[in-house]
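For the single chain, residues carry numbers from 1 onward in sequence order.
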Amino acid sequence: QVQLVESGGGLVQVGGSLRLSCAASGRTFSSYGVGWFRQAPGKEREFVAAISRSGGTIYNSDSVKGRFTISRDNATGTVYLQMTSLKPEDTAVYYCAVRGDGVGSSSPTRYEYWGQGTQVTVSS
């Protein structure tokens, strides 16, 4: 069992930055692949970024490439999503999720545990 708690969301102006954190409980965090997803009102959940258990493989969606950076600290059991050059279309609830095979991927179907989400609102 893994519990995930996201934090760092909030209200920011266009062009601003935020850093989201995903803190995980459990001693096996370093074996999990981690993904960030987001869901805007009335829209389906969307892949944002993912990182493998070692941090050696990273995927980003085209919509955030060059603006968002995913990273992880296995010593503290935390995954980060550094978001820069934020746009109104980045407004959504952001979720982190983990999968036990250690892979980071864009498909949400094999992620086993999800956090409760943190709201990011970008105002124009």
Side-chain angles (χ1 to χ4, degrees):
Q1 187 79 14
V2 177
Q3 291 186 326
L4 304 171
V5 179
E6 302 98 334
S7 61
L11 176 64
V12 64
Q13 292 187 332
V14 169
S17 299
L18 283 174
R19 188 176 79 158
L20 305 184
S21 299
C22 173
S25 65
R27 291 175 291 178
T28 59
F29 173 75
S30 60
S31 67
Y32 284 91
V34 182
W36 282 98
F37 295 80
R38 66 187 182 187
Q39 188 165 20
K43 295 188 176 181
E44 293 187 352
R45 189 165 294 187
E46 174 191 20
F47 168 71
V48 176
I51 188 167
S52 62
R53 59 188 169 196
S54 69
T57 302
I58 290 174
Y59 297 100
N60 293 288
S61 71
D62 289 341
S63 62
V64 306
K65 203 166 289 183
R67 300 188 299 122
F68 292 10
T69 303
I70 188 171
S71 61
R72 68 187 296 161
D73 182 344
N74 285 338
T76 62
T78 307
V79 173
Y80 302 98
L81 185 68
Q82 178 68 51
M83 307 187 295
T84 63
S85 302
L86 283 161
K87 305 175 181 180
E89 52 264 42
D90 295 318
T91 295
V93 177
Y94 284 71
Y95 301 88
C96 67
V98 298
R99 50 188 288 171
D101 61 4
V103 174
S105 83
S106 61
S107 172
T109 57
R110 294 188 65 182
Y111 285 87
E112 299 162 49
Y113 301 101
W114 293 77
Q116 84 289 348
T118 185
Q119 176 71 48
V120 172
T121 303
V122 184
S123 65
S124 56

Response to the item:
A24 and V2 have their tightest heavy-atom pair at CB-CG1, 4.2 Å
Practice prompt. Taking R72 for its side chain and G55 for its backbone only, find out whether a donor-acceptor pair lies under 3.5 Å.
Written response: no
Worksheet item: Do the side chain of T91 and the main chain of V122 share a donor and acceptor less than 3.5 angstrom apart?
Response: yes
Item to complete: Hey, could you give me the CE/CG distance between M83 and L18, rounded to the nearest 0.5 Å?
Response: 4.5 Å
Worksheet item: Minimum heavy-atom separation for A92 to A40, with atom names?
Response: CB-N, 3.8 Å
Fill in: Common cluster, Y95/L86, ILVMFWY with side-chain heavy-atom separation under 4.5 Å
no
Discussion item. Any side-chain to backbone donor/acceptor pair from S52 onto V103? Under 3.5 Å, distance only.
Written reply: no
Discussion item. If you count heavy atoms of other groups shown closer than 6.0 angstrom to CD of Q3, is the number above 12?
Written reply: no
Discussion item. Run the side chain to side chain donor-acceptor pair (under 3.5 Å) test on S105 and S107 for me, step by step, so that the C-alpha distance in whole Å, both residues' side-chain angles and the decisive distance to 0.1 Å come before the verdict.
Written reply: CA-CA 6 Å; S105 83; S107 172; 5.3 Å; no
Response to the item:
Residues pairing under ring pair (Phe, Tyr, Trp, His ring centres under 6.0 Å) where one sits in residues 27-55, two or more places apart or in two chains, turn out to be F37-F47, F37-Y111, F37-W114
Discussion item. Is there a side-chain contact (heavy atoms from CB on, under 4.5 Å) between S63 and R38? Walk through the geometry before answering.
Written reply: CA-CA 12 Å; S63 62; R38 66 187 182 187; 3.5 Å; yes
Fill in: Side chain E6, main chain C96, donor-acceptor under 3.5 Å
yes
Discussion item. Let me check something: do V79 and V5 share a hydrophobic cluster, defined by ILVMFWY side-chain heavy atoms less than 4.5 Å apart, either directly or through other members?
Written reply: no
Worksheet item: Does the side chain of V12 reach to within under 4.5 Å of the side chain of S17, using non-hydrogen atoms?
Response: no
Worksheet item: Can you tell me if R53 uses its side chain to pair, donor with acceptor, with the backbone of N74 under 3.5 Å?
Response: no
Worksheet item: With a 4.0 Å cut-off, would you call D90 and K87 a salt bridge?
Response: no
Worksheet item: Taking all non-hydrogen atoms of both residues, which atom of A49 and which atom of N60 are closest, and how far apart?
Response: CB-OD1, 3.4 Å
Worksheet item: Could you give the distance from CG (L20) to CZ (F68), rounded to the nearest 0.5 Å?
Response: 8.0 Å
Fill in: Remaining members of the apolar cluster that contains Y80, side-chain heavy atoms under 4.5 Å
none
Worksheet entry | E89, CD atom: more than 12 neighbouring heavy atoms under 6.0 Å | yes
Fill in: From T69 atom OG1 to R19 atom CZ, the distance as rounded to the nearest 0.5 Å
11.5 Å
Item to complete: For Y59, look at atom OH and say whether over 12 heavy atoms of other residues, nucleotides or ligands are found less than 6.0 Å away.
Response: no
Discussion item. For E112 versus G100, what's the shortest heavy-atom pair and its separation?
Written reply: OE2-N, 2.6 Å
Worksheet item: Out of curiosity, does L4 fall in the hydrophobic cluster containing I70 (side-chain heavy atoms, cut-off under 4.5 Å, transitive links)?
Response: yes
Worksheet item: Going only through I, L, V, M, F, W and Y residues with side-chain contacts under 4.5 Å, is there a path from V93 to V34?
Response: no
